[in-house]
Amino acid sequence: ASRAGLGAGDLQAASTLVDAVVSEKPHTVEELSLVLANAGQPLDDGSLELLYLYHASQHHRDPSWTLTVDQLFRHLSGSMASDPRFQALFDDGLRADLAALQRDIDEAVAQLKGIDRSLMMISTTLPVESPETTAFLERLAAQLDQRTDGAYYLMGTSVMGYEVMNSFADEMLFITLLTACVIFLVVALTFRSLVVPAILVAIVQCGIYLVFSILALQGGGTYYLALLILQCILMGATIDYGILFTTYYREKRGILDVKEALIAAYNGSIHTIATSGLIMILMTAVVGSLYPDPAMQQICLTLSQGFLCAIALILVVLPGMLALLDRFVSRRGKRAAPEELEQGRA
């Protein structure tokens, strides 16, 4: 023993370590700590536990195990950061960063997940409005219908455009029919005729369709509110010009023939129609050109075009319609007597 430079204590420690290895007995942390202490290689329980954890992670892990991001950060900021065994790995700055990150995660999750409903954020590289975007939203809606039984809501700029595209036709048809029916009823009660309101509503509605055609030929996008507002305002605002012209025509037709009654109607109404119409056309055009908001700008410019088309049709097409349907429009279904015509010319 003296030749080998080993004392009795060293031999005893070596014997203890050899016996533990040869026996192949598995030890707990406490047992292995005692064995190492007797072998002259003391190691604290915390370090041994870390070695046990590392050994288990290398030899007893399952690749199919899963862990969510929330579980990971909660384990890091909670269990590991407060565990004395990991004190050397976590300083005060790292613990503060993990705690702040966990608070941010909790706040974000609270905004996205609720008791009854949750919010899902979807980001794409698609344009705001395009055929590809529409196809994507259709596929998304179909999948949500299958998986949620329709209990969902879609939000966003692209979704709003998609919903407007799907509902615009029905809304436009409803507003068109409602506006036309109300105005038809009012004019019919005023003139006590069904032909006159039919002519006037048809003339103004043709002006609206003419504006729609102009917008389509110009290309580009159009705010659907501009079209709905155009339908409502234009029908109510310009129908008065047709009523004024028709009223003059019906009054003069009682004593004049068709041609002279039309000339008299022009002379009696042209100043009012031209003055009021030009004001509406120019004012909406000026406001639309100067207003910075794109939606309001397009609404005003669309109204200006609508006023121009409707007034042009009233001055150009309406006289021909009145002459064509004179027997249904005028108060007298036959030509006035010669003496009445002479009296009217006088």
Side-chain angles (χ1 to χ4, degrees), residues 66-73 101 104-179 205-235 284-285 287-306 308-309:
T66 59
L67 187 68
T68 65
V69 175
D70 182 62
Q71 290 174 335
L72 173 62
F73 280 102
L101 183 59
D104 293 340
I105 292 176
D106 292 340
E107 292 177 0
V109 171
Q111 294 178 1
L112 296 176
K113 296 182 66 175
I115 299 175
D116 299 324
R117 298 186 181 276
S118 298
L119 179 64
M120 181 179 183
M121 307 294 292
I122 300 177
S123 298
T124 69
T125 57
L126 296 171
V128 176
E129 293 184 9
S130 68
E132 293 78 10
T133 305
T134 302
F136 169 77
L137 291 174
E138 290 177 348
R139 293 195 303 269
L140 178 62
Q143 294 178 2
L144 290 174
D145 288 335
Q146 295 176 355
R147 300 183 181 183
T148 63
D149 297 328
Y152 66 90
Y153 298 94
L154 295 177
M155 299 179 293
T157 304
S158 297
V159 175
M160 184 176 66
Y162 173 72
E163 292 180 349
V164 167
M165 180 186 67
N166 291 334
S167 62
F168 174 74
D170 295 335
E171 292 179 356
M172 191 65 186
L173 178 61
F174 173 76
I175 291 178
T176 300
L177 294 177
L178 179 62
T179 306
Q205 191 63 47
C206 286
I208 296 174
Y209 290 148
L210 183 58
V211 177
F212 290 172
S213 301
I214 294 174
L215 293 175
L217 293 175
Q218 289 176 347
T222 302
Y223 290 98
Y224 88 107
L225 283 177
L227 303 181
L228 298 181
I229 293 174
L230 173 69
Q231 175 68 44
C232 297
I233 295 181
L234 195 63
M235 180 68 75
T284 50
V287 173
S289 301
L290 300 179
Y291 206 82
D293 182 67
M296 185 62 66
Q297 183 182 66
Q298 189 175 77
I299 290 174
C300 292
L301 292 177
T302 303
L303 284 175
S304 179
Q305 295 174 352
L308 178 61
C309 292

Task: Inter-residue atom distance L178.CG - L173.CG, 0.5 Å rounding - done: 11.0 Å
Open item on the list: If you define the side chain from C-beta out and look only at heavy atoms, does anything of Q205 sit under 4.5 Å from T179?
Closed with: no
Open item on the list: With rounding to the nearest 0.5 angstrom, report the CG to CG distance, L210 to L215.
Closed with: 10.0 Å
Task: Any side-chain heavy-atom pair of M296 and C300 under 4.5 Å - done: yes
- [ ] Please check if the side chain of T284 supplies one atom and the backbone of L301 the other of a donor-acceptor pair under 3.5 Å.
- [x] no
Task: Distance in Å, Q305 CD paired with L303 CG, rounded so as to fall on 0.5 Å steps - done: 9.5 Å
Open item on the list: Could you measure the distance from the CE atom of M155 to the CE atom of M120? Nearest 0.5 Å is fine.
Closed with: 12.5 Å
- [ ] Please tell me if the side chains of C309 and L234 come closer than 4.5 Å, counting only heavy atoms from C-beta onward.
- [x] no
Task: Donor-acceptor contact below 3.5 Å, side chain T133 vs main chain P127 - done: yes
TODO: Rounded to the nearest 0.5 Å, what's the gap from CD1 on I175 to CE on M235? Could you check?
DONE: 12.0 Å
Open item on the list: If I take atom OG1 from residue T176 and atom CD from residue E171, how far apart are they, to the nearest 0.5 angstrom?
Closed with: 11.5 Å
Task: L140 side chain near Y162 side chain, heavy-atom distance below 4.5 Å - done: no
TODO: Grab the two heavy atoms, one from S118 and one from K113, that are nearest each other, plus how far apart they are.
DONE: OG-CA, 3.7 Å
Task: Nearest heavy atoms of E163 and L154, plus distance in Å - done: OE2-O, 4.1 Å
